[in-house]
Protein chains: 2
Amino acid sequence: MTSNIVLSEIDYEVVGKRPIRPDGVDKVTGRAQYGADLKLPGLAFGKILRSPHAHASIISIDTSVAEKLPGVLAVMTYSDMPFAAVSKSEWSDDKQMGEPGSPIMRLGADYAKLVLQSEHIIANEKVLFTGHPVAAVCAIDMAIAEQAISMIEVKYQILDAVMDVREAMETSAPILHETMRTNKFGEIGDVPSNIMSVGRVACGDIKLGFEESDIVIEREFTTASVHQGYIEPHNATAFWNNDQLNLWCSTQGSFVVRNAVSEILRHPISKIKVTPMEIGGGFGGKIPIYLEPIAAILSKKSGRPVKILMSRPEVFESTGPAPGTWMRAKIGANKDGILKSAEIELAYEAGAYPGSPVMGGAACALACYSIPNAQVDGYDVVVNKPKTAAYRAPGSPQAAFAVEQIIDELSIELGIDPIEFRLINAVKEGLRRVDGPLYKKVGHIECLEAAKQHDHYKSKINGKYRGRGVASGFWFNRGFPSSCNITVNSDGTINLTEGSVDIGGSRASISQQAAEFLGISYEDVKAAVVDTDSIGYTQLTGGSRTTFATGIAAIEASKSVIAQLIERAGIIWDKPIEEIEYLDGSVVHKTDPELKLTFKEIASQLLGTGGAVTGSASTDPPGEGNSFATHVVDVEIDPETGKVEIIRYTAVQDAGKAVHPSYVEGQIQGGVAQGIGWALNEEYCFDHSGKMMNSSFLDYRMPTSLDLPFIDTVIVEVANPGHPYGVRGVGETPIVPPLAAIANAVSNAIGTRIYKLPINPGTVLDNIKCN
Amino acid sequence: MTSNIVLSEIDYEVVGKRPIRPDGVDKVTGRAQYGADLKLPGLAFGKILRSPHAHASIISIDTSVAEKLPGVLAVMTYSDMPFAAVSKSEWSDDKQMGEPGSPIMRLGADYAKLVLQSEHIIANEKVLFTGHPVAAVCAIDMAIAEQAISMIEVKYQILDAVMDVREAMETSAPILHETMRTNKFGEIGDVPSNIMSVGRVACGDIKLGFEESDIVIEREFTTASVHQGYIEPHNATAFWNNDQLNLWCSTQGSFVVRNAVSEILRHPISKIKVTPMEIGGGFGGKIPIYLEPIAAILSKKSGRPVKILMSRPEVFESTGPAPGTWMRAKIGANKDGILKSAEIELAYEAGAYPGSPVMGGAACALACYSIPNAQVDGYDVVVNKPKTAAYRAPGSPQAAFAVEQIIDELSIELGIDPIEFRLINAVKEGLRRVDGPLYKKVGHIECLEAAKQHDHYKSKINGKYRGRGVASGFWFNRGFPSSCNITVNSDGTINLTEGSVDIGGSRASISQQAAEFLGISYEDVKAAVVDTDSIGYTQLTGGSRTTFATGIAAIEASKSVIAQLIERAGIIWDKPIEEIEYLDGSVVHKTDPELKLTFKEIASQLLGTGGAVTGSASTDPPGEGNSFATHVVDVEIDPETGKVEIIRYTAVQDAGKAVHPSYVEGQIQGGVAQGIGWALNEEYCFDHSGKMMNSSFLDYRMPTSLDLPFIDTVIVEVANPGHPYGVRGVGETPIVPPLAAIANAVSNAIGTRIYKLPINPGTVLDNIKCN
């Protein structure tokens, strides 16, 4: 295997180095505090009764026997949710409770949506998926809580369930929400429907484009529901103390939890404190709230702190997977290999409640290429599955599975090398994405060139049942608000507090940026993730925004520290501040070389010259930089079993400046590993009644380290002009290409193209050509 | 009883009101988390073996049997303290470890002092007081820990102990520290001594002053050691995790603990996080560290978090009481009642290690009066008692006990009303204190006038064995560094974080100042005391500095918030910020009345216009305002038993602006109650060997609510020009006058003056005149 290659543009002192992660020792010694580790005086244990049916009306719930069980402290159902008592008519005065700008408010936090969100937390009149919460208890220990939920009697009237996105779009399908009325054309009428919305992004004239094409390929694709598969199950502990609600949970965004709980429980945000515990993986799946409102209400009713932990089956059945999809794509090119037109339909399952990432997929679908005429339609469709959640580059991998296979087919038909074909059409600065935005400086061409030059791509692939595939991928990356506080200690170290939960190493990557800007060493920065009472609003860790946006917050806080250090030097030296500047970690007089204080020196004089120095910053930086990747994969098929073996994998990605290359490599390798699982094995299997049949890690097959080769990474550093150090963001993009790259490689190996995920042994055997 | 009177100068919207305390519900429901409530996974319990002798050499310590007891996790002695392995010669390079400006650095954090501090934590070659730690263990439960310390065998060579300050000053006294060499004249020689230092403050020519006096009175006084008597015993939990030391404790100053532990354990401050738990009383006694270094070392050795709780006897015997004293005072006045000269000697017990508050007492002794010729000498003397600690206005009550009795005697001899006599001599703006500083605007005259006009003072006191006493008191009040962060929530509430531990209601009083400055309601401020990683350096809660200095930090942070809100309004309105101002809780355009956004309105728009707003400030405000009080007390003596009954008590005090008058009244009433205990009952009783005989609340008699009348308070508000709202500080001064006021009242009742505290029944009976 070749080693990783970092193509550096600028050398920094701290940024771009690989210091030791500050959370490492705690995590390997088991001392890091995860939500399940939390102990509080008088802690009670909650347990949730979940629906055994995918779709049913609730006739009655009898909790009376459970309530009498000794040790049971409280029982709750939907009737305990605040929205059970709020009618639409009284709502109008009250709708400004949420945090504007939060994800929920972006969706429009109106009454109907908040009722749906409440009913998602715990079912009201209907259950809409197997695993849907129906009632909950808390008790003095877990065994009693489990016994108590078994004593709750729920009478259901079972309804027909719909589990497939295309079936759900038919007018004959069982209807989940009677109030949804959108037809396939996006028109709102009188007929109930499972389609929440139809969206379109488009440019040019696709009819004209196809007329200009010498070759047009059209295919249909399907992908299965897959789960993020984080190791740590969801957990939440709530303590409703007087009018103050304290929450501890495993989340990607403490402020997101605060806002969502505030809206659903109609409790002011200033009376909610969310303490984010360490998080054992999220990948987008730990953005929504599930347990927090239930734990909160049980705590309010019992007067005790209440902890609820999910089991693995609960995680699979009741939290959001990535959507299963049906897609149709038609793309045309002329004989020179220039793309001319594309028409795409994406139908994504939202799960039981609306809100799939289909329009994200629509914007990403063709984002790698310059294409003058294009139209992408997206359908957000409800089915009787758990509500989908974000999963790394939400919506993009599925769309790339469709588009990048047709790109592969086109290149083969035209006799152009697949990387050359992509280079002909690759987007660059100044071009426009199908959905409108103009590209700033981006690195797709640089990724394709690096892949083309890579030893892997130059090597020959020999042998029967062996094949190579290539695919590119795109993700926006994100900005959004972040906050950071820095205090200077008198020994010249700093304490840095942030609101960004550390999932992928952000304590290190944010510290590196602060250290770089202040000209101090990484070891002199101590970073901590604090609760929502102790830091300014910070959006979730996700969307590949944290190293970019919270990094900028840290740089802004550092600027404030430097301005104050210059003021103090003015006091110490009795000089006007205009004569003083900060250079390479020292305050210096611009003309008198005798006057110089290093950061450590001036830090030791702060308390005698006006008190400590604290810098704080809240930002909402606009300059996020788009990310591209190109992956090359070699596979070998076992014709007897149909097993696909990954024999070599190289992932090239433009990270912008890689702040901590080891973390970047880890993100790329992790994204590829998850993409391989998505491509080859992972899927939700349901029985005829809508019950998941493989809700454990034994049955739901994710790749292990034994299944995979070393994943080679190449970090291409095309600096993002919107960040002082050129940071783009890394975490999403690497999961986008693998699905298509592997499908292309399998096609190359067996001569038949597979349009359906997962490409598991049975599917391969069904498609293999006996040659 | 008359009600409280607040003499307001300015009416504010929030400052000066009496809102509900934010910590109240938690405290009355038992949900507030004190150190003893803390539970951590794998928690071990520590216990300390303490010396049974007041003075002894340690011949040997055998811990081998204890170490083998099943369940014992670690055992430590002085040999585990870092300074056991540090020689003076290697020290020189290392002395800058402490936080400059911390109390320890003010004392000079040199090698010898740090060794003494280490030996105070746990005895090295000698034990110097009964209760001195000798060894410590931690075990899986408290019972095993207690059994283990009983198995440690210590061989002592008992030495003569010295328990009295005057005896300790004799050259024949047993010597505690062979290296101390100061004689009674302050000269350093070759002869070992128990005198650490002799200090003098002086002005004018006392010989000349006495020559100008028509009357001179000279007396000697003694006072006993008394304890602060906080309800919550000391506690500390330490977790030494890799190179990170986390501490949770009951302290008045989390940063003081961080610095002291850093110095003694030679561990960098950035690797120590101190989380202050709720505190159940401090009064100055929870400034020093006792348990923290021991818990830390036991944690390091055992790999577990370790909690140590003191019992009540440990609190009495091993933590710092206020010093017992011997004092001589000689004061002269002319026949018009004008003070001419004063000569005072104060000898204060430091306990087993140097550092009594005698020079504070020296500066306070005559601070109420203008006196042209004065000299106060202070002796800091070690004795075989626990090292003294601060106790409300440290050093001042004892000195006032001496001076205010002679003032009383002089007024009687001269036939001048005691309040009139004080008015003749009271200090005011522009005069100079004996030790040098010039008075700014102060309120002694206003207090005396308010006392004179009070219904209590105008009433007649009738009956045999009844008497009235008056006394004034002084305290500096303090500034020192404080930090505060404010984040604005989108619902128009703010989160305010501070480093000041909340003992006397500072969460409320700081919130009020922020609310006042921002023009928002008190209920919209949520204050939290956070750990040392999450806020800038903040000095301890004490010295009557917090409402003043942290209040200014909150105002400065509010200024930063307002500046950012003006910037945002500029973005929203597309107007230059020069045209915008902040008035009465709204951002307004200076000329266009249509352009106005209330705090709540603009708060809801922040996340869309650049992210959250966070204001932070670290300050070291110079303008602290001195505080004066005048107390009037009526007593009745039972001639049969000698019991002194307080039948009426009125305390007048200049608080500057009373931010929360209920808290101010509570502080005054609390200070008076403690002063009454000091005057009448409290004392450390030792047997011949130096063992404390009354180390429980049953035997150490503090006043209860049944012992006291309602204590009437009059808040005089002479605004401090050094604070935006005129705040001075409240907590110290009310304990200064009671000792002398009660002695004066007893003298008035029985016709004999008592110069010794406590004035307990036996003393009264010894002095009562049978008339």
Side-chain angles (χ1 to χ4, degrees), chain A residues 25-26 29 31 33 37 39-41 96-102 239 241-242 262 268-271 273 480-483 485 487-491 493-495 497 524 526 528 530 532-538 553 560 604-621, chain B residues 25-26 29 31 33 37 39-41 96-102 241-242 262 268-271 273 480-483 485 487-491 493-495 497 524 526 528 530 532-538 553 560 564 604-621:
Chain A
V25 171
D26 273 7
T29 56
R31 285 173 171 176
Q33 288 278 302
D37 299 320
K39 290 179 185 176
L40 294 174
Q96 280 305 325
M97 189 177 270
E99 184 104 44
S102 73
F239 190 14
N241 184 14
N242 193 27
S262 167
I269 53 177
S270 57
K271 300 285 186 188
K273 180 169 87 171
F480 302 148
S482 276
S483 299
N485 292 341
T487 60
V488 181
N489 296 317
S490 58
D491 63 358
T493 60
I494 64 171
N495 285 110
T497 58
D524 285 342
K526 185 176 170 194
V530 295
T532 54
D533 274 8
S534 304
I535 189 84
Y537 184 85
T538 299
S560 165
S604 73
Q605 297 185 42
L606 296 177
L607 289 182
T609 56
V613 159
T614 309
S616 67
S618 291
T619 57
D620 185 2
Chain B
V25 171
D26 273 8
T29 57
R31 284 173 171 177
Q33 288 280 301
D37 299 321
K39 292 180 182 174
L40 294 174
Q96 279 306 324
M97 188 178 273
E99 186 104 42
S102 73
N241 183 14
N242 194 27
S262 167
I269 54 176
S270 58
K271 299 285 186 189
K273 179 170 87 170
F480 302 147
S482 275
S483 298
N485 291 341
T487 61
V488 181
N489 295 317
S490 59
D491 63 356
T493 61
I494 64 171
N495 286 109
T497 58
D524 285 342
K526 185 175 171 195
V530 295
T532 53
D533 274 8
S534 303
I535 190 83
Y537 183 86
T538 298
S560 165
Q564 293 173 66
S604 74
Q605 296 185 40
L606 296 177
L607 290 183
T609 56
V613 159
T614 308
S616 67
S618 290
T619 58
D620 186 1

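Reminder, nothing fancy here: chain letters follow the sequence lines and each chain counts from 1. Keep in mind the model is a prediction, meaning the values are calculated, not measured.
Nearest heavy-atom pair across A:Arg31 and B:Asn242 is NH1-N, 3.9 Å. Residue A:Asp620 comes nearest to B:Gly611 through the heavy atom pair CB-N, 3.4 Å, listed as atom of the first residue, atom of the second, then distance. In plain terms, the two heavy atoms of A:Ser483 and B:Thr614 that are nearest each other are OG-OG1, 4.2 Å. Closest heavy-atom contact between B:Gln33 and A:Pro41: NE2-CG, 3.5 Å. A pairwise comparison of heavy atoms in B:Ser616 and A:Ser616 identifies OG-OG, 3.2 Å as the closest pair. For the pair A:Ala612 and B:Ser618, the tightest heavy-atom approach, listed with the atom from each and the gap, is O-CB, 2.8 Å.
Neither the backbone nor the side chain of B:Thr609 comes within less than 4.5 Å of any heavy atom of chain A. For B:Leu40, no part lies under 4.5 angstrom from a heavy atom of chain A. In this structure, the portion of B:Asn485 lying under 4.5 Å from any heavy atom of chain A is its side chain and not its backbone. The part of A:Ile535 that comes within reach of chain B is its backbone (N, CA, C, O), which places non-hydrogen atoms under 4.5 angstrom from that chain. Only the backbone of B:Val613 comes within less than 4.5 Å of a heavy atom in chain A; its side chain stays farther off. Interface remark: B:Gln564 contributes no atoms to any contact with chain A (heavy atom separation under 4.5 Å).
Taking the side chain as every heavy atom from C-beta outward, A:Ser490 and B:Ile269 approach each other to under 4.5 Å. Looking at heavy atoms from C-beta onward, A:Ser270 lies in side-chain contact with B:Asp491 at the 4.5 angstrom threshold.
Checking each of B:Thr497, B:Thr487, B:Asn495 against A:Ser534 for a side chain to side chain contact (heavy atoms under 4.5 Å, CB included) leaves exactly one that passes, namely B:Thr497.
Rounding to the nearest 0.5 Å places CZ of A:Phe480 at 11.5 Å from CG of B:Leu607.
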